[in-house]
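Predicted, not measured: the structure shown is a model, and the values here were computed from it. Here is how names work: the chains are called A, B, and so on, in the same order as the sequence lines, proteins then strands, and each is numbered from 1.
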Amino acid sequence: MIDVKFIRDNPDAVRASQTGRGEDASIVDQVIASDELRRVAIEKFEKLRAEQNVLSKSVGAAKGVEKTALLENAKELATAVKEADSKRAEAEEHTKGLVMKLSNLLDPDAPIGTEADFKVLEHVGTPRKFDFEPKDHVELGKLLGAIDTERGAKVAGSRSYYLTGSGALLEFALVNYAISMAVKAGFIPVIPPVLVNPAAMEGTGFLGQAAENVYRIEKDDVYLVGTSEVPLAAMHMDEVLSGDKLPMRYAGYSSCFRREAGTYGKDTRGIIRVHQFDKVEMFSFCHPDQAKAEHARILQWEKDFLNAMEIPYRVIDVASGDLGSSANRKFDCEAWIPTQDAYREVTSTSNCTEFQARRLNIRYKDADGTKAVATLNGTLVAIPRMIVAILENHQNGDGTVNIPKALQPFLGKERFELV
RNA sequence: GGAGGAUUCGCAUAGCGGCCGAGUGCGCACGCUUGGAAAGCGUGUAUAGGGCAACCUAUCGAGGGUUCAAAUCCCUCAUCCUCCGCCA
């Protein structure tokens with residue numbers, strides 16, 4: 001949510017941002033008009049209310065005939081106040097509804113365009129040349145007894161899978177490595193709730209365009225989170241953080257649930273796109289002035305992780321039209337997937353500036369007063385995609401897979417063997 | 001699932017229709033005092049909105065209602081605590 005005052009003072013900037021995203025810029029003018037009416041309604045109500053407060057006091061003090069007369073007046077006023085109040089509430093709601101439609105302001109450095117207009121920032125590592133025909137992760141997963149998509153489908157439907165044996169152990173190793181890395185970097189490790197209430201979901205912006213991809217448990221009016229970003233961000237909902245404690249960094253480990261509506265036929269093979277997976281997510285609450293620097297730091301931790309996995313990847317600056325509505329800029333790390341002959345997203349980090357915090361009412365207090373914090377998120381490791389990248393990039397001709405050095409202490413061996 | 005109790009300014013509490021945006025204690029900040037500190041004394045100590053400002057308005061878990069007037073009365077909901085039941 002963008003600050004209404006900012007919209008009022010900088011309508012052109014907001015319009016430009018909307019246009020850059022390929023979204024409706026006319027909302028800005030609707031907001032300004034609505035805000036005008038809102039302020040008139042507020043003034044009208046407050047004036048009447050002040051009158052009523054005075055009159056009410058005099059009613060209390062008065063006696064007899066005088067009191068009866070005053071009461072007569074007071075009753076009339078009460079009706080007027082009630083009416084003005086509901087008009088005020090209506091105007092406020094209308095304005096807020098419009099403001100909520102606006103996406104976050106774009107970072108001026110973000111590339112403008114649609115999904116395909118991303119900018120490649122760098123390549124790290126070189127895709128490996130195989131002297132044999134590389135197998136894909138589904139095949140390798142079978143040979144290693146690590147991934148079972150057939151039984152996953154039998155028991156839970158499409159896009160479901162079992163991680164077994166080496167696969168399960170690999171998840172534990174990845175999680176352990178990620179968490180120990182995060183703790184070293186000063187993150188507080190968190191195991192958050194994955195079942196959250198509507199306020200948390202709404203506040204983090206997942207009930208807007210992304211709502212289609214969210215699982216909802218109707219009976220209890222709760223949602224299954226698609227990322228621990230939701231419970232991590234909502235953790236400090238309606239709180240005022242002390243300025244000297246910022247940045248506050250959390251690393252959440254949780255299962256993530258995604259309906260994957262509208263992705264029929266996309267990535268149907270294997271575990272690139274699944275309904276449920278585990279992920280370690282970085283989340284930071286920081287000073288708005290620090291957000292850009294913090295974003296760079298989070299990206300660096302993502303790169304450190306991929307470097308440790310010895311996987312070739314590239315970093316892209318996601319184009320305006322492909323940003324989530326909360327993000328003002330987003331970087332994706334895309335790992336090289338040999339059998340797809342392509343780079344595929346494995347991690348992603350977004351700078352949400354104060355947008356999300358304003359919706360969730362998360363502020364910080366320092367000498368200058370109380371203001372909205374900035375929030376940022378980034379994937380440290382999303383298990384299935386990382387497993388895909390590791391299996392495919394580190395496979396040997398016989399189907400065995402070498403374990404990256406960083407993970408070896410967590411697995412007690414150097415190679416995954418065939419079963 | 002059933003029965004009770006609770007939710008007030010950072011914390012602990014008072015208040016149970018107008019004198020309450022709200023008292024007290026603790027904490028915190030500043031000042032006085034002191035060689036320095038403690039104690040003591042004094043002052044201050046929420047957030048949001050509207051207004052150029054003086055100032056006004058709203059907020060006592062949330063939302064409705066009654067009333068000229070609600071922290072206070074009524075209803076619904078949420079959370080926490082205790083007891084019973086159930087499960088582990």
Asks: A:I42 side chain: which of B:rG50, B:rC19, B:rC68 is closest?
Replies: B:rG50
Asks: Looking only at non-hydrogen atoms, find the nearest pair between A:L380 and A:A178 and report the distance.
Replies: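 Result for this residue pair: CD2-O, 3.4 Å.
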Asks: Where does the angle between the aromatic ring planes of A:Y250 and A:H236 fall among parallel (under 30°), tilted (30 to 60°) and perpendicular (over 60°)?
Replies: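 If you compare the ring of A:Y250 with that of A:H236, the planes turn out tilted.
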Asks: Classify the side chain of A:E92 and the base of B:rG49 as holding, or not holding, a donor-acceptor pair under 3.5 Å.
Replies: no
Asks: Tell me whether the OP1 or OP2 atom of B:rU59 has a side-chain N or O from A:R49 closer than 4.0 Å.
Replies: no
Asks: Just call it for A:K5: base, sugar-phosphate, or nothing, with non-hydrogen atoms closer than 4.0 Å on any strand.
Replies: sugar-phosphate
Asks: Could you go through A:K292 and A:D109, starting from their C-alpha distance and side-chain angles, then the distance that decides it, and tell me whether this counts as side chain to side chain contact (heavy atoms under 4.5 Å, CB included)?
Replies: CA-CA 11 Å; A:K292 219 171 163 127; A:D109 295 332; 2.9 Å; yes
Asks: Ignoring the backbone of A:K365, work out which of B:rA69, B:rA46, B:rG49 is nearest its side chain.
Replies: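 The listed nucleotide nearest to A:K365's side chain is B:rA46.
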Asks: Regarding A:R8, tell me which of base, sugar-phosphate or nothing describes its non-hydrogen contacts under 4.0 Å with the strands shown.
Replies: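 It contacts sugar-phosphate atoms only.
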Asks: B:rU47, OP1 or OP2 - any side-chain N/O from A:T370 closer than 4.0 Å?
Replies: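 For A:T370, the contact criterion (side-chain N or O under 4.0 Å from OP1 or OP2 of B:rU47) is met.
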Asks: Checking A:R297 against A:Q300: is there a side-chain donor and acceptor pair closer than 3.5 Å?
Replies: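 No, no side-chain donor-acceptor pair sits under 3.5 Å.
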Asks: Between B:rG18 and A:K57, is there an OP1 or OP2 to side-chain N/O distance shorter than 4.0 Å?
Replies: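 Answer is no, no contact under 4.0 Å.
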Asks: Choose from B:rU57, B:rA48, B:rA69 the nucleotide whose nearest atom is closest to any side-chain atom of A:R363.
Replies: B:rA48
Asks: How would you label the contact of A:L55 with the nucleic acid (heavy atoms, under 4.0 Å): base, sugar-phosphate, or nothing?
Replies: nothing
Asks: Nearest of B:rC56, B:rA69, B:rU66 to any side-chain atom of A:S56?
Replies: B:rA69
Asks: Please give me the minimum heavy-atom distance between A:F277 and A:G226, naming the atom from each residue.
Replies: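 Answer, listing the atom of A:F277 first, then A:G226: CZ-O, 4.4 Å.
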Asks: Tell me whether the guanidinium CZ or amine NZ of A:R88 lies under 6.0 angstrom from the six-membered ring centre of A:F45 and within 45° of its axis.
Replies: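 Yes - A:R88 lies over the ring of A:F45, closer than 6.0 Å to its centre and within 45° of its axis.
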Asks: Could you point out which residue of A:W301, A:Y253, A:F283 forms a ring-ring contact (aromatic ring centres under 6.0 Å, His included) with A:F187?
Replies: A:W301
Asks: Counting Watson-Crick and G-U wobble pairs whose two distances are both under 3.5 Å, find the runs of 3 or more in a row that involve RNA chain B.
Replies: B:1-7 with B:78-84, B:10-13 with B:23-26, B:27-32 with B:40-45, B:46-50 with B:55-59, B:61-65 with B:73-77
Asks: Would you indicate what A:Q52 reaches in the nucleic acid, counting non-hydrogen atoms under 4.0 angstrom: base, sugar-phosphate, or nothing?
Replies: sugar-phosphate
Asks: Consider the side chain of A:R38, meaning its heavy atoms from C-beta on, and name the nucleotide among B:rG49, B:rC68, B:rU47 that approaches it most closely.
Replies: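 Per side-chain heavy atoms of A:R38, the pick is B:rG49.
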Asks: Using only side-chain N and O atoms of A:N53, determine if any of them is under 4.0 Å from OP1 or OP2 of B:rU57.
Replies: yes
